Engineer: 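Sharing a structure with you now.
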Amino acid sequence: MSNRKFHIETLAVHAGQPDHGDPTTYARAVPVYRTTAYNFRDSKHGADLFGLRELGNIYARLMNPTNDVLAKRIAALEGGAAAQTLSSGTAAVYFTVTNIARAGDEIVAASNLYGGTFSQFDAILPNVGIKARFAPVNDFAATEAAINEKTRIVFIEAVGNPALDVADIEKYAEIAHRHGLPLVVDATFTPPPLLRALDHGADFVIHSLSKWIGGHGAGIGGVVVEKGGFDFTNPKFALYNEPDAGYHGLRFAHDLPEPLKAIAFSIRLLTVGIRNQGPTLAPDAAWIFLQGVESLPLRIARHSENALAVAKHLQNHPKVAWVKYPSLTQPELAKKYLPNGAGGMVVFGVKGGSEQARCFADSLNGELFSLLANVGDAKSLVIHPASTTHSQLSDEDLRKGGVLPELIRLSIGIEHIDDIISELDRALESI
Ligand SMILES: *Cc1c(COP(=O)(O)O)cnc(C)c1O
């Protein structure tokens, strides 16, 4: 379909699938292609595919028509030129970074990251020779001070986990671009139609598909969308300017044919990261996410509406010390970046501290809310991060990431708002 003509709600249902359904069977739903390899008509066909003289399917670590529809659909929703699916959001982050930076390079990231991403940057990237420097979110002086001649990426989360700070994406883009660097935004908490970070200057957008896009807590996957046209010809991007030994000396920023040059990142991610390092999304998982994405605009509107109502309710509750919800806590930034709703997450502090917060989470866990380490399910979820998701971080890193001991993180589902609020009241009364 012609993506430009249609709204996000329409793209969520149709984009990426050939018109008239599946090209071989005309199946209306996207089929799951459960195959490891694809037949060559003859040796010449195989040789042409391997030699990139003809484009087509070779082996399912690299390409699968089910995953392809999903990648194209997410790219359409985000307004990007290309996208690649990966086995998890975590893999999407790791393979995005290592598709731009290599040993000896550095990245600069906001410090309020998802716990797993923070650990990856802080503890694992150094093992492959990449140093991450952190700056508090929206502290532009500190961000700029952390950038040096070795920096290759500026990385932020659109709405940080779990403190829900809204990043000023346009300011980050201005700084990154002034230094010739790409801005990578993890927008997992604010999928379209809440936010399209590429429209605000981001060059790459990452999603964990496991969260709101999948939307039913039924699978693990990730995706990275490329805006297209980022200039990787500066020699400091060695991975794009030095001849690639795996591809007969190809230089990704220079030697690709014109239409592919603009999406050199996605081509390199597919042919180097995914092909030869293997973080492939299973087509069954891709199919699950395709079911989810069809209703994403409907669900995310309800998630946002319910979460705002919960945040307003908690603000007036005597047992609640403080509440964070993007449109209440940072109204200016939320108005600019999240005019269609601020997402399904609410965080708040239980009066008393860590022990009371733990008791509250235990009391809430049951009929409607589930106590678990996930967000973005249609079902309401609760967690006490300091004792679970963020427990591997030091006290200092916890505070830097905004994870206070009394903090409760709610992922508000699409149940009836009256039921959600009465469960929260019951659990607050019980402590
Ligand atoms: C969950 C999450 C990830 C990691 O995604 P997985 O699919 O669980 O690997 C990365 N970033 C954010 C903001 C997340 O919420």
Side-chain angles (χ1 to χ4, degrees), residues 67 70-71 74 78 83-98 107 109-122 124-125 132 134 137 153 155-167 169 184-192 194-195 197 202 204-225 273-274 278-282 284-286 288-289 292-293 296 300 303 307 326 337-338 342-347 372-377 381-383 385 388-390 392-393 401-403 409-412:
N67 297 25
L70 177 63
I74 305 289
E78 287 285 8
Q84 294 291 344
T85 56
L86 293 102
S87 55
S88 67
T90 302
V93 171
Y94 183 79
F95 286 95
T96 294
V97 170
T98 55
I107 67 169
S111 52
N112 64 333
L113 300 176
Y114 176 71
T117 303
F118 185 88
S119 297
Q120 181 187 108
F121 287 3
D122 194 49
I124 297 169
L125 286 183
F134 297 96
V137 65
I153 291 172
F155 187 102
I156 58 171
E157 290 180 5
V159 169
N161 180 10
L164 304 186
D165 316 87
V166 184
I169 298 169
V184 180
V185 177
D186 180 337
T188 297
F189 277 32
T190 50
L194 298 187
L195 172 71
F204 300 95
V205 174
I206 289 172
H207 286 282
S208 167
L209 297 167
S210 328
K211 312 295 171 49
W212 288 270
I213 291 181
H216 298 80
I220 294 283
V223 66
V224 52
V225 183
I274 297 175
T280 307
L281 180 69
D284 293 83
I288 288 170
F289 298 132
V293 79
L296 172 66
I300 202 72
H303 280 292
Y337 293 109
L338 305 168
M345 299 299 294
V346 177
V347 300
L372 50 73
N374 191 19
V375 297
D377 198 323
L381 313 173
V382 58
I383 201 160
T388 54
T389 47
H390 288 60
Q392 79 266 43
L393 303 188
V403 188
R409 187 183 80 186
L410 301 174
S411 174
I412 298 299

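Note that ligands are numbered from 1 as they come in the structure, with each ligand's atoms numbered from 1 the same way. Values in this document were obtained by computation on a predicted structure and should not be read as measured data. We're numbering straight along the sequence, starting at 1.
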Engineer: List the residues meeting ring-ring contact (aromatic ring centres under 6.0 Å, His included) with Tyr114, not counting sequence neighbours, and say none if there are none.
Structural biologist: none
Engineer: Tabulation required: pairs of a nitrogen or oxygen in ligand 1 and a protein nitrogen or oxygen under 3.5 Å; columns are atom names and distance to 0.1 Å; otherwise 'none'.
Structural biologist:
| from | atom 1 | to | atom 2 | distance (Å) |
| --- | --- | --- | --- | --- |
| ligand 1 | 5 (O) | Ser208 | OG | 3.1 |
| ligand 1 | 7 (O) | Gly89 | N | 2.9 |
| ligand 1 | 7 (O) | Ser208 | OG | 2.8 |
| ligand 1 | 7 (O) | Ser210 | OG | 2.6 |
| ligand 1 | 9 (O) | Gly89 | N | 3.2 |
| ligand 1 | 9 (O) | Thr90 | N | 2.9 |
| ligand 1 | 9 (O) | Thr90 | OG1 | 2.7 |
| ligand 1 | 11 (N) | Asp186 | OD2 | 2.6 |
| ligand 1 | 15 (O) | Lys211 | NZ | 2.8 |

Engineer: Can a donor-acceptor pair be found, under 3.5 Å and without considering hydrogens, that links the side chain of Asn67 to the backbone of Leu281?
Structural biologist: yes
Engineer: Can you see which heavy atom on Glu157 is nearest to which on Asn112, and at what distance?
Structural biologist: OE1-O, 3.9 Å
Engineer: Is there a side-chain contact between Phe189 and Leu164 (heavy atoms, below 4.5 Å)?
Structural biologist: yes
Engineer: Measuring from Ser111:OG to Ile156:CD1, what's the distance to the nearest 0.5 Å?
Structural biologist: 12.0 Å
Engineer: Would you say that Ile169 contacts Tyr337 through its side chain, given a criterion of any heavy-atom pair below 4.5 Å between the two side chains?
Structural biologist: yes
